[in-house]
**Q** 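Quick one: this structure, given as structure tokens, is what I'll be asking you about.
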4 protein chains.
Amino acid sequence: MRFFSDNAAPVHPAVMQAMADANHIDTAYDGDQYSARLDAAFSELFGRDAAVLWVATGTSANCLALASILQPHQGVICHREAHIEVDECGAPGFYTAGAKLMLVDGDGAKITPATVTNTLDAIRKDVHQVQAAAVSITNATEYGMVYTPAEVAALGALCRERGLGLHMDGARFANAVAHLGCTPADVTVNAGVDILSFGFVKNGGMGAEALVYFDPALADAARYRRKRAGHLQSKGRFLAVQLLAMLKDDLWLHNARSANTAAMVIAQAAGERLLYPVQANELFLRLTPAEAAALRAQGFDFYDWGVVDENWGAARLVTSWQHTETDVAPLARAIAAL
Amino acid sequence: MRFFSDNAAPVHPAVMQAMADANHIDTAYDGDQYSARLDAAFSELFGRDAAVLWVATGTSANCLALASILQPHQGVICHREAHIEVDECGAPGFYTAGAKLMLVDGDGAKITPATVTNTLDAIRKDVHQVQAAAVSITNATEYGMVYTPAEVAALGALCRERGLGLHMDGARFANAVAHLGCTPADVTVNAGVDILSFGFVKNGGMGAEALVYFDPALADAARYRRKRAGHLQSKGRFLAVQLLAMLKDDLWLHNARSANTAAMVIAQAAGERLLYPVQANELFLRLTPAEAAALRAQGFDFYDWGVVDENWGAARLVTSWQHTETDVAPLARAIAAL
Amino acid sequence: MRFFSDNAAPVHPAVMQAMADANHIDTAYDGDQYSARLDAAFSELFGRDAAVLWVATGTSANCLALASILQPHQGVICHREAHIEVDECGAPGFYTAGAKLMLVDGDGAKITPATVTNTLDAIRKDVHQVQAAAVSITNATEYGMVYTPAEVAALGALCRERGLGLHMDGARFANAVAHLGCTPADVTVNAGVDILSFGFVKNGGMGAEALVYFDPALADAARYRRKRAGHLQSKGRFLAVQLLAMLKDDLWLHNARSANTAAMVIAQAAGERLLYPVQANELFLRLTPAEAAALRAQGFDFYDWGVVDENWGAARLVTSWQHTETDVAPLARAIAAL
Amino acid sequence: MRFFSDNAAPVHPAVMQAMADANHIDTAYDGDQYSARLDAAFSELFGRDAAVLWVATGTSANCLALASILQPHQGVICHREAHIEVDECGAPGFYTAGAKLMLVDGDGAKITPATVTNTLDAIRKDVHQVQAAAVSITNATEYGMVYTPAEVAALGALCRERGLGLHMDGARFANAVAHLGCTPADVTVNAGVDILSFGFVKNGGMGAEALVYFDPALADAARYRRKRAGHLQSKGRFLAVQLLAMLKDDLWLHNARSANTAAMVIAQAAGERLLYPVQANELFLRLTPAEAAALRAQGFDFYDWGVVDENWGAARLVTSWQHTETDVAPLARAIAAL
């Protein structure tokens, strides 16, 4: 059983069906009847006017967002292990024409008003140093931890005070909301987030993410930038219907709850082995090389995630929407039996 | 009946089926079993070693190709009405960090060794002027005309002589090959083309084009650039299977023949109204405003394409893979009856 | 005697003296006492609040200006033979991260509201095409012709109406003002120009141009961009004093008048040979190859500037600040004697 | 007496004289007689064929160098406090179209083969992570420490082994060579350096640095990039003669020795206060706020350079070419007397 990544999971049948249902002639690009519904659908979900662009990947969503709030000579504060820093092959530099990622530390890939403030205060206010213009956080983080509405609001207040934009990389936003039990707005627009990369591909979609602008004025330039980046697909209706299918009857939330629940079953078996609290659908465990090999011998696949100390390695396991409690029970038992 | 664009057509059922069949867990990005087959499949088609990257759009294929053969301080010679100049919102400038498009004229959006030579010779060979490093041609062109193998080979020879790379935008490459009756290699690699953007989206695909490098060494950097542009989709298998389904039993060629045949039926009815010879699946007709309105009143939709003179406007009609001769017969009759 | 370019002329003694006088320790970059005077000195000259940055070259001045008023996905309308298009090796593409130059025609490298309007109206208002955000004109033009205040004002009004910024490349701005007899403000800020590249290097300076922002708010980002482009020289005081020396007692205007007067002396001798009216310090003459050779044999050097027809070539001659009427009299006689 | 920066020092009289002597008409840009001598002059100094471009600033020299050896999707390893990271407002990102600076630690801003190897080995060899293509070191470093030929050679060997280019930021290269007593080649080309930014502005020049390519083939593209960056000054002869004057009779070396000697005089007085060994012309001292105030009250100016601990602050003092032992004796005495 594969726990490499939710990235590799199948597409939810409802999404596949929606794509099949959209297989008729329609206006190209984003002129179709489905794309036209996105603003309204997401505005309803967030209880606020939002302008929404579909794009195929989280990287393009994140980087279009950053380009919306950064000039090339400016910088964005993010965690040292943020996806935009570590796993996007320099895409932020490409999309922003060379803006700088300003890295801060923090447990579980979370950043705080204090770390942001320290970074801001360490920048000389002269033209020799890049000045920060934005903050980007990932929720749930790259270590599966979740920012609460209050935590985001504290960052949002700081951003307002210091004149910074606030972006949220929500590749696993659904898992964060499922954990929090709040509304999507509580942890975003109500807390000061300007732009959200709302991920669906890891949560049952095929190739469509929603780039959500809570300030619709910012979205106008993004539409040109999306085209200019080659991300305005000509049969865009197939992306739009993925998003609509995921919103319908809160499929996004149900899927995320499944993944989170599966993760929790494993977490309970892992106990002291957990390197981070399990709040969403990622688990980081201590395993000796022998234990890791033993699990793999039983058919469980996962990533090695560096080394904890001379005895222990770290493993990353990710559950996804199609995992049930029953599915993961054998893994939980195997871990408990180590 | 809509003749706006092949862009807006449905996806071929075989492609939809291949996507449904790929809906299982697999390795993410391009590590899956289908992506792994692409090099071999296209190498077989072209009878040469080729390295192939899937991307979602023609714009990204074209611009990744240009970035492979251009430094930012260089230029690419293309037709004044080339898609990369006219319809990509400056994407070449984005992907190449500001390289220059050097525009030449030519009937039917075709360029010739003479026009390329004139452009090259007009560039002062000093650092004040951008020097050309590549030529990009579109086959079939933006006006539905087709470069023959001999025409491409003449450009290819010139490019070799002058040290330029040669890119082919093949958004409608299938229609060109269907018209020519040659092998795909005859009009590309055998004629000196270095990189081909092989289009499938307009020809029955959903969201997958093949970026074909006949010099596989050039593809290595392109893999990083694709990721950096946000075009490395995590469920890339769904793009790979589109391409494989299109290659299977030459579906790409059959589809293109259908579109071309449908265009020819209309062309015969249009006669003297044709502004360009019909060689692929696009038709450009003279119509008076009244005639255009009459056709629309009968349910035929198409783009106005500027003005011919004070009496005549131009209309663009595009057929696609799902058009049969029977389908387009009513339109042919309606045009003949004008 | 060399008439290749005012670029190659000596530096005015007053400028040299000012540089010698500044050769003491002072604060680095633009923190020195001279740089601090620039805003006031130019504000007085223009009768308006202006923010002024020194830079070493016209190319950097022009491109910093364009980057101030263009987003990467936008375009700037300029003449097909504008310096930014023809002679800056793609620098605008570099500084703007790939924005597009939209070329228009016009006699003597001048553009008009009509040509700008035609270009604007030909752009489809969709995301597939680059939208114009600015106009850039050169005064005096690349063919030595001068926009009047009324001509600039007509363009300025159009720019306001269409939401475009207006930049003036004033590499030979002094020559234009000397010809017009107006105030510097009349043909710039009062006529709707937002940013002026005010050239001094061709007019007696060594390596300092003034980038003049009539909207000081735009200058803030430009200060970062200047640093980021490596144009914030650490001994910037030596640039500042060049500008101050040129402004002192209107040296800039006296120098330009000398160059213009010298050009006029030659122009009167050239008569029918002139390809463009001589309004500033550039002359474009018809010469047969034999005539060109004859002039060169007498020690007069100049550029060939293409071909007029099968009999006639074009020659470009440029006078500069150090030319007196007496100096150019031999050339005038030689031309008259052809 | 000002010890803020060697940046703020006067220009050496020999340089001023050379500039005065060049004040005649000559070919523009780098076509003049002086620019034509640079390759030979530096080739002689280094005992190797070198191609040399003048540029006005260290930032442009560094960033043109980086652009020569980095593709936009690649990275350069440098020290966390390298000038290119800390003090160039993101210029490397601008010139390289977004390449990444990969930061390593090390005492005195020095990096070692071990730190470079650790960084390289921590990069996953897949397209999701930026791959390193170059190393950049500063000699003397930002903390006034000097890499020996053996240290550079160790880095050079590693770079060759791992396929990386090696750039040296030599803003204070003269001070490093003066300290080492080796030849300029020993610590650069003979040790594996590909490109050297050879600084003169801090050492008696006005506005000219030498960008030295030990692989002349790399310089060709750099000539276009220099123009494209607006750094090809039209009166380039005034930059060329600065460099030639500095090379004449080893003025560069004499000037650097003066600065180093002056620094050493102060260093001996500072004793235990020194935070780093003094090897070139920069000193970093521990001072209490009261001590710093006391020195300033006596007329000595310098930068605060952060905080050492709750009691001590750090001060940076920089000597320059015009400082004699006599000049700095009062400061030495004042420090000793604290």
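Protein chains get the first letters and strands the later ones, always in sequence-line order, with residue 1 at the start of each.
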**Q** Is it the case that over 12 heavy atoms from other parts of the model lie below 6.0 angstrom from the CG atom of D:Asp49?
**A**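 12 or below, so no.
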
**Q** Select, from B:Pro72, B:Gly98, B:Ala97, the one with the greatest count of heavy-atom pairs under 4.5 Å involving chain D.
**A**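 Greatest number of close heavy-atom pairs with chain D: B:Pro72.
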
**Q** So which part of B:Gln129 gets closer than 4.5 Å to some heavy atom of chain D, the side chain, the backbone, both or neither?
**A**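 Just the backbone, heavy atoms under 4.5 Å.
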
**Q** Under 4.5 Å heavy-atom distance to chain D, tell me which part of B:Arg228 shows up: side chain, backbone, both or neither.
**A**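 Just its side chain gets close to chain D.
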
**Q** Answer yes or no: are there more than 12 heavy-atom neighbours, outside B:Gln33 itself, under 6.0 Å from its atom CD?
**A**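 Above 12, so yes.
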
**Q** Heavy-atom distance under 4.5 Å to chain D: side chain of B:Asp30, backbone, both or neither?
**A**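 Neither part; nothing is under 4.5 Å.
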
**Q** If I measure from the heavy atoms of chain D, does B:Ala221 come under 4.5 Å with its side chain, its backbone, both, or neither?
**A**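 Contact with chain D involves both backbone and side-chain atoms of B:Ala221.
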
**Q** Looking at side-chain heavy atoms only, is the closest gap between D:His73 and B:Arg223 below 4.5 Å?
**A**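 No, every pair of side-chain atoms sits at 4.5 Å or beyond.
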
**Q** A side-chain contact here means heavy atoms from C-beta on lying under 4.5 Å apart; do D:Gln74 and B:Tyr224 qualify?
**A**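 They are not in contact (no side-chain heavy atoms under 4.5 Å apart), so the answer is no.
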
**Q** Tell me the closest heavy-atom pair linking D:Val127 and B:Lys227, and the distance in Å.
**A**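 For D:Val127 and B:Lys227, the tightest heavy-atom pair comes out as O-CG, 3.2 Å.
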
